[in-house]
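Chain letters run A, B, ... following the sequence lines, proteins first, then strands; residues in each count from 1.
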Amino acid sequence: MSEVRVRFAPSPTGVLHLGGARTALFNYLYAKNQGGKFLLRIEDTDRERSTDESTKAIIDAMKWMGLHHDEEIVFQSKRVDAHLEALNTLIKKNAVYKCYCTAEERNTAREKAEAEGGSYIHRCDCRDATNEKELPFVWRFRMPKEGETVFDDIVQGTIVTQNLEIEDLVVARQDGSPLYNFVVVVDDAFQRVSHVIRGKDHLTNTPKQIQIYKALDLPVPRFAHLPLILGLSKRLRSAGVESYRDQGYLASGLNNYISRLGWSYGDQEIFTFDEIIEKFDLTTVNRSEGSLDLQKMEWVNQQHIQNAEGRLLAKEVVVFLEREGFSVAADDAKLLAAVETMRARAKTLVELARNLKFYFVADDALEYDEKAREKFFTSVALDRLRGMAEALTSVDEWSEENISACINDFIGAQSLKLKDVAQPSRLALVGRAAGPGLWETMVVLGKTSTIARLSLAEAI
RNA sequence: GGCCCCGUCGUCUAGCGGUUAGGACACCGGCCUUUCACGCCGGCGGCACGGGUUCGAGUCCCGUCGGGGUCACCA
């Protein structure tokens with residue numbers, strides 16, 4: 001069996017949005033699952049709209065997602081010679097013809113067709129004209145007029161198109177520059193692409209391209225057209241992968257979520273990246289289109305935050321802590337410990353970083369939640385906090401066990417219950433009425449900070 | 001409008017002629033508990049509609065309706 005070679009071929013006209021990201025991901029997954037190659041081609045022949053910034057943004061986004069391409073990136077704009085050569089082949093084979101029709105002529109014909117309630121398919125006398133004219137022309141492809149074009153789409157099933165329904169598409173502009181449906185064939189053949197995996201919006205291009213493959217005597221690849229992602233609000237639609245990265249998504253979480261849009265593996269929801277690669281199967285991809293569910297996406301990300309290796313999570317969150325104004329080393333022992341106390345409480349890295357701030361703020365700069373302060377910092381409570389602070393000075397080995405024993409002695413001596421002091425102390429230590437368990441919080445904070453914060457607590 | 005594709009809880013999905021139609025998110029209860037989470041238990045909620053085929057249809061066929069894609073000298 002020949003090697004599986006797939007490609008992702010974005011046009012660099014904007015950011016890599018989720019739809020494109022999923023196409024790239026599915027290509028990558030299929031390639032890796034099959035032990036094949038994942039190629040990247042930048043379709044930058046539309047000079048008007050293509051930008052270098054966009055190219056860079058797409059490459060960066062893919063890199064972040066972990067979708068590393070094999071072989072050199074192919075820039076379509078650098079392949080015009082090959083395109084022109086292929087065009088020459090078509091000309092020699094009489095597979096294309098000169099069409100002299102003007103834009104006005106086409107427009108009136110189109111309007112007429114639409115007025116009659118049909119669709120416009122360009123047909124003119126140029127195809128059968130025998131005499132050359134000294135007029136501007138485009139090259140049109142001589143589409144078969146009879147029969148049908150059939151292909152077996154891996155996800156969509158058998159697609160049959162009547163050849164009469166396929167237009168004699170223009171293959172090269174008046175200025176001689178080749179057009180998309182033509183160059184995509186030339187380039188896919190050049191890169192020896194075995195499977196074309198792309199969005200379903202390309203479905204109607206496929207029969208045209210198949211006819212071009214045949215005219216050029218090139219092997220026709222297999223096709224797989226992915227259902228589109230619907231229900232994206234305009235804002236979500238335009239949001240690039242990097243905006244999700246900035247919102248605190250882990251690459252593994254984002255990949256997991258978007259892979260499940262159209263693909264599934266029994267009842268399993270959470271997958272590591274390697275697991276998706278191992279289990280991915282194009283033939284089980286759904287035909288129906290799906291839509292984004294931000295809440296579920298967050299939940300999936302949360303699961304990945306919970307499962308992530310501690311050092312990796314710490315490394316990821318450092319950037320977000322930086323944004324909150326805290327500079328912490330990725331391998332800082334306190335950070336590592338702090339992350340462990342908080343990971344179950346964050347859906348995103350942004351949230352995790354915010355929750356972690358209190359560990360790193362100066363003891364006398366800790367701010368208290370106003371509502372909680374009014375509720376818990378009663379004068380009785382504050383007395384108890386100071387008592388606790390004093391009792392804790394006697395703890396030598398600063399462990400959860402010893403801290404817990406010390407505090408229990410303290411409250412036992414006063415016939416109190418843990419409930420009586422838990423929330424006031426939490427507020428004094430964390431600044432909020434919610435947070436990790438007290439003992440673990442104290443351990444991470446350290447003896448000095450713990451005692452300082454308990455003593456510093458004040459009513460308004 | 002022509003052509004093409006799709007249609008299971010609100011959302012993502014399992015199902016591949018015989019199931020009490022399963023799971024997940026969200027939502028609502030409860031448990032756990034020093035708070036908030038996490039976790040656990042339970043609940044709500046679905047085969048778009050109408051015809052066939054069949055002993056039997058979410059599963060097969062046709063139609064209707066609904067949704068989407070595409071109809072460039074863009075990619």
Side-chain angles (χ1 to χ4, degrees), chain A residues 9-13 43-46 48-50 76 99 101-103 106 110 113-122 136-140 153 155-157 159-162 164-167 169-181 183-184 199-207 225 227-228 230-231 257 260-270 284 286-300 302-303 306 341-347 355 372 376 404 407 411 417-427 430 432-439 441:
Chain A
S11 12
T13 54
E43 306 216 317
D44 55 351
T45 45
D46 186 341
E48 302 270 302
R49 298 189 299 156
S50 301
Q76 196 160 61
C99 177
C101 296
T102 64
R106 287 199 319 276
R110 175 176 293 115
E114 281 169 5
E116 287 166 2
S119 62
Y120 174 72
I121 294 174
H122 183 85
F137 63 90
V138 298
W139 287 107
R140 275 188 191 275
D153 192 281
V155 347
Q156 303 293 333
I159 304 292
V160 181
T161 308
Q162 297 305 313
L164 214 50
E165 300 283 345
I166 312 174
E167 178 172 73
L169 69 159
V170 357
V171 133
R173 294 183 180 91
Q174 251 178 37
D175 66 5
S177 57
L179 261 359
Y180 172 73
N181 277 115
V183 296
V184 77
K200 216 174 79 175
D201 51 337
H202 283 282
L203 199 60
T204 52
N205 284 330
T206 308
H225 287 92
L228 270 16
L230 266 32
Y257 180 72
R260 285 285 287 88
L261 243 37
W263 172 78
S264 62
Y265 188 80
D267 285 340
Q268 188 171 347
E269 297 284 349
I270 303 301
T284 62
N286 269 138
R287 304 236 261 256
S288 53
E289 50 282 279
S291 59
L292 271 193
D293 181 343
L294 251 23
Q295 284 183 311
K296 182 150 185 178
M297 185 156 77
E298 283 193 333
W299 176 79
V300 170
Q302 180 178 40
Q303 299 302 307
Q306 290 216 58
T341 68
M342 270 303 190
R343 67 198 307 168
R345 270 161 273 256
K347 289 186 166 71
N355 289 342
F376 296 116
S404 155
I407 299 297
I411 59 182
K417 292 194 169 166
L418 186 55
K419 272 184 190 295
D420 299 322
V421 297
Q423 285 301 73
S425 3
R426 176 165 289 107
L427 181 59
V430 179
R432 295 197 304 152
L438 279 178
W439 318 141
T441 304

Query raised in the report: How would you label the contact of A/Arg106 with the nucleic acid (heavy atoms, under 4.0 Å): base, sugar-phosphate, or nothing?
Result: base
Requested in this report: Provide the distance between the two C1' atoms, one in B/G30 and one in B/G67, to the nearest whole Å.
Outcome: 40 Å
Query raised in the report: Of all the choices, B/U34, B/A75, B/C5, which nucleotide is nearest to the side chain of A/Asp46 once you look at every atom?
Result: B/A75
**Report entry** Derivation of the side chain to side chain donor-acceptor pair (under 3.5 Å) call for A/Ser177 and A/Asp175
**Finding:** CA-CA 6 Å; A/Ser177 57; A/Asp175 66 5; 2.6 Å; yes
Query raised in the report: So which heavy atom on A/Gln302 is nearest to which on A/Ala346, and how close?
Result: CG-O, 3.5 Å
Report task. Would you mind telling me which of B/U34, B/A75, B/A26 lies closest to the side-chain atoms of A/Leu438? Result -> B/U34
Query raised in the report: For A/Gln162 and A/Val160, what are the C-alpha separation, side-chain angles and deciding distance, and is it a side-chain contact (heavy atoms from CB on, under 4.5 Å)?
Result: CA-CA 7 Å; A/Gln162 297 305 313; A/Val160 181; 4.3 Å; yes
Report task. If B/G39 has a Watson-Crick or G-U wobble mate with both distances under 3.5 Å, name it; if not, just say none. Result -> B/C31
Query raised in the report: When you compare B/G63 with B/A72, how far apart are their C1' atoms, in angstrom units rounded to a whole number?
Result: 35 Å
Query - Span that lies between the P atom of B/C31 and that of B/A37, in whole angstrom - result: 15 Å
Query raised in the report: Closer than 4.0 Å, any side-chain N/O of A/Ser264 to the OP1 or OP2 of B/A14?
Result: yes
Just the atom pairs and distances: protein N or O near nucleotides 36-39 of chain B's N or O, under 3.5 Å.
from, atom 1, to, atom 2, distance (Å)
B/C36, O2, A/Arg345, NH1, 2.9
B/C36, N3, A/Arg345, NH1, 2.5
B/A37, O2', A/Ala344, O, 2.7
B/C38, O3', A/Gln306, NE2, 3.1
B/C38, O2', A/Gln306, OE1, 3.2
B/C38, O2', A/Gln306, NE2, 3.4

Query - Residue whose closest nucleotide on RNA chain B lies nearer the 5' end, A/Asp267 versus A/Gln156 - result: A/Gln156
Write out a two-atom table: protein N or O, nucleotide N or O from nucleotides 40-46 of chain B, distance below 3.5 Å.
none

Query raised in the report: Has A/Ser291 got a side-chain N or O lying under 4.0 Å from the OP1 or OP2 atom of B/C12?
Result: yes
**Report entry** From B/A72, B/U34, B/U13, nucleotide with atom closest to A/Leu418 side chain
**Finding:** B/U34
**Report entry** B/A24 base / A/Lys296 side chain donor-acceptor hit below 3.5 Å
**Finding:** yes
Query raised in the report: Could one point to a donor on the side chain of A/Glu165 or the base of B/G2 with an acceptor on the other under 3.5 Å away?
Result: no
Requested in this report: Between B/C25, B/A75, B/U13, spot the one nearest the side chain of A/Gln295, thanks.
Outcome: B/C25
Query raised in the report: With no angle test and no hydrogens, is the base of B/C74 tied to the side chain of A/Arg49 by a donor-acceptor pair under 3.5 Å?
Result: yes
Report summary line: Closest of B/A75, B/G10, B/G23 to the A/His202 side chain is B/A75
Report task. In whole angstrom, give me the gap between the C1' atoms of B/G39 and B/G50. Result -> 47 Å
Query - B/C16 to B/G22 separation - C1' atoms, rounded to the nearest Å - result: 15 Å
**Report entry** Closest nucleotide among B/C25, B/U34, B/C74 to the A/Gln423 side chain
**Finding:** B/U34
Report task. For atom OH of A/Tyr265, decide whether the heavy atoms of other residues, nucleotides or ligands shown that lie under 6.0 angstrom number more than 12. Result -> no
Query - Out of B/A75, B/C12, B/G69, whichever nucleotide has its closest atom nearest the side chain of A/Arg260 - result: B/C12
Report task. Check A/Ile159 against A/Asp153 and note the closest heavy-atom contact, atom names and distance. Result -> CG1-CB, 4.3 Å
For nucleotides 57-67 of chain B, which of its nitrogen or oxygen atoms have a protein nitrogen or oxygen under 3.5 Å away, and what is each distance?
none

Report task. Nearest-nucleotide wise, let me know which of A/Asn181 and A/Leu228 is further upstream toward the 5' end of RNA chain B. Result -> A/Leu228
Report summary line: Quick note, A/Arg287 side chain, CB onward, closest among B/C6, B/G68, B/U13 is B/C6
